[in-house]
> 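Pasting a structure here, questions to come.
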Amino acid sequence: MPVETIKWDRGKIKLIDQTLLPNKFKHIYCDTVESIWEAIRNLRVRGAPAIGIAGALGVVVGMQDSKAKGYAQFKKRLEQVISYLSSSRPTAVNLFWALDRMRICCKKHSDLSINTIKSKLLNEAQKIIEEDKNICRNIGKNGARLIKDGDVILTHCNAGGLATADYGTALGVIFNANEQGKKIRVYADETRPLLQGARLTTWELMQAGIDVTLICDNMAGSLMKDGKINCVIVGADRIASNGDTANKIGTYSLAVLAKAHKIPFYVAAPISTFDMKIKSGKQIPIEQRSPEEITNLYGKRIAPKNINVYNPAFDVTPAKFISAIITENGVIKKPDRKKIKKIEN
Ligand code: MRU
């Protein structure tokens, strides 16, 4: 069941505040570039494609009140807005991809009036949203071919409608298989420390009437050993040109476990998640987040004061652990540089 994560609503960005789910379903409105930056940074909107959309709409919000006298002044401010939004989160390449599209759109219309450029920017952001809806459905269709009736799937973090415009990548595959009438069951990792799996993935799957069971992250290995998992499907925040994939911390451990138990490990992601400028996962910037995300649980301190904390938001899974990458253009089995280049164009 698609959930509309983020959209343009009469001069403001309307989004579901994902930090409140599943206990509260509440929309917030961002009408300044600072407020959308805060929403991205604090995971009110999160997931690579959704962050890209938030960035594109952030440019619209940041430019809509511009009183620039001419293109040069407008462009200067646009670059400031883009650079500010770029600083919100570093890992998901979809953010930089979307901001780049907004920059190109502005340049392309440099000969038009400032008001017309503003409406072109809004059109571009809306186009990114509409494209994402189609892309995710195609990822779903392509990926569902890999899912058999009766399969039990393990997923990590949330790569669902909430992480995209409305349908999801990894969950898009699950939704599509379900729509085809395949009887599937899902295990959702809770996904420490911010519990995107426990809070968001379970909520989305339950809304769609899909059989889902919540587990702690450290239970995945024993389920695999007991033969209870047929495949793993996760999303991605950035895929290097050789197939190395950054995704939510804990993904790498799952990939290693899947390999050890001979279970297919799938990554579902749009082409916009590929970063063809980088050679390998070593070049992916990994976001380090605040220690309080680990030392505190719902506002209550659980760890000793002054404890050292290591809190990376993502890890990188080398391509050799990935059975296939599912994209809107098709499935790349045993991904490598050559196959990725071919599908990416
Ligand atoms: O920190 P988050 O919640 O933004 O991390 C999200 C993930 O790791 C997702 O798996 C990824 O962005 C893919 S979303 C389709």
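Counting starts at 1 for both ligands and their atoms, in listed order.
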> Enumerate the pairs of nitrogen or oxygen atoms, one from ligand 1 and one from the protein, separated by less than 3.5 angstrom; state names and distance to 0.1 Å.
{"unit_1": "ligand 1", "atom_1": "1 (O)", "unit_2": "R89", "atom_2": "NH1", "d": "3.4"}
{"unit_1": "ligand 1", "atom_1": "1 (O)", "unit_2": "R89", "atom_2": "NH2", "d": "2.8"}
{"unit_1": "ligand 1", "atom_1": "1 (O)", "unit_2": "K248", "atom_2": "NZ", "d": "2.8"}
{"unit_1": "ligand 1", "atom_1": "3 (O)", "unit_2": "R46", "atom_2": "NE", "d": "2.8"}
{"unit_1": "ligand 1", "atom_1": "3 (O)", "unit_2": "R46", "atom_2": "NH2", "d": "3.3"}
{"unit_1": "ligand 1", "atom_1": "3 (O)", "unit_2": "Q196", "atom_2": "NE2", "d": "2.9"}
{"unit_1": "ligand 1", "atom_1": "4 (O)", "unit_2": "G47", "atom_2": "N", "d": "3.0"}
{"unit_1": "ligand 1", "atom_1": "4 (O)", "unit_2": "R89", "atom_2": "NH1", "d": "2.8"}
{"unit_1": "ligand 1", "atom_1": "8 (O)", "unit_2": "D237", "atom_2": "OD1", "d": "2.9"}
{"unit_1": "ligand 1", "atom_1": "8 (O)", "unit_2": "N247", "atom_2": "OD1", "d": "3.1"}
{"unit_1": "ligand 1", "atom_1": "8 (O)", "unit_2": "K248", "atom_2": "N", "d": "3.2"}
{"unit_1": "ligand 1", "atom_1": "10 (O)", "unit_2": "N247", "atom_2": "OD1", "d": "2.7"}
{"unit_1": "ligand 1", "atom_1": "12 (O)", "unit_2": "A48", "atom_2": "N", "d": "2.8"}
{"unit_1": "ligand 1", "atom_1": "12 (O)", "unit_2": "D237", "atom_2": "OD1", "d": "3.2"}
{"unit_1": "ligand 1", "atom_1": "12 (O)", "unit_2": "D237", "atom_2": "OD2", "d": "3.0"}

> Transitive ILVMFWY cluster of I286 at side-chain heavy atoms under 4.5 Å: who else is in it?
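Members alongside I286: I278, I284, F314, V316.
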> State, to 0.1 Å, how close D217 and R192 come at their nearest heavy-atom pair, and which atoms those are.
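Reported closest heavy-atom pair: OD2-N, 2.9 Å.
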> Quick one: pull up CG in N311 and CD in E293 and give me the separation to the nearest 0.5 Å.
5.0 Å
> Scan residues 220-246 for pairs that pass side-chain hydrogen bond (donor to acceptor under 3.5 Å, both in side chains), counting only residues two or more places apart or in two chains.
R238-D275, S241-R337, N242-D244
> Sorted by first residue and then second, give each ring-ring contact (aromatic ring centres under 6.0 Å, His included) pair with at least one member in residues 257-297; sequence neighbours left out.
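For residues 257-297: none.
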> Test salt bridge (Lys or Arg N to Asp or Glu O under 4.0 Å) on E38 and R44 and set out the steps.
CA-CA 8 Å; E38 186 278 340; R44 299 185 196 287; 2.9 Å; yes
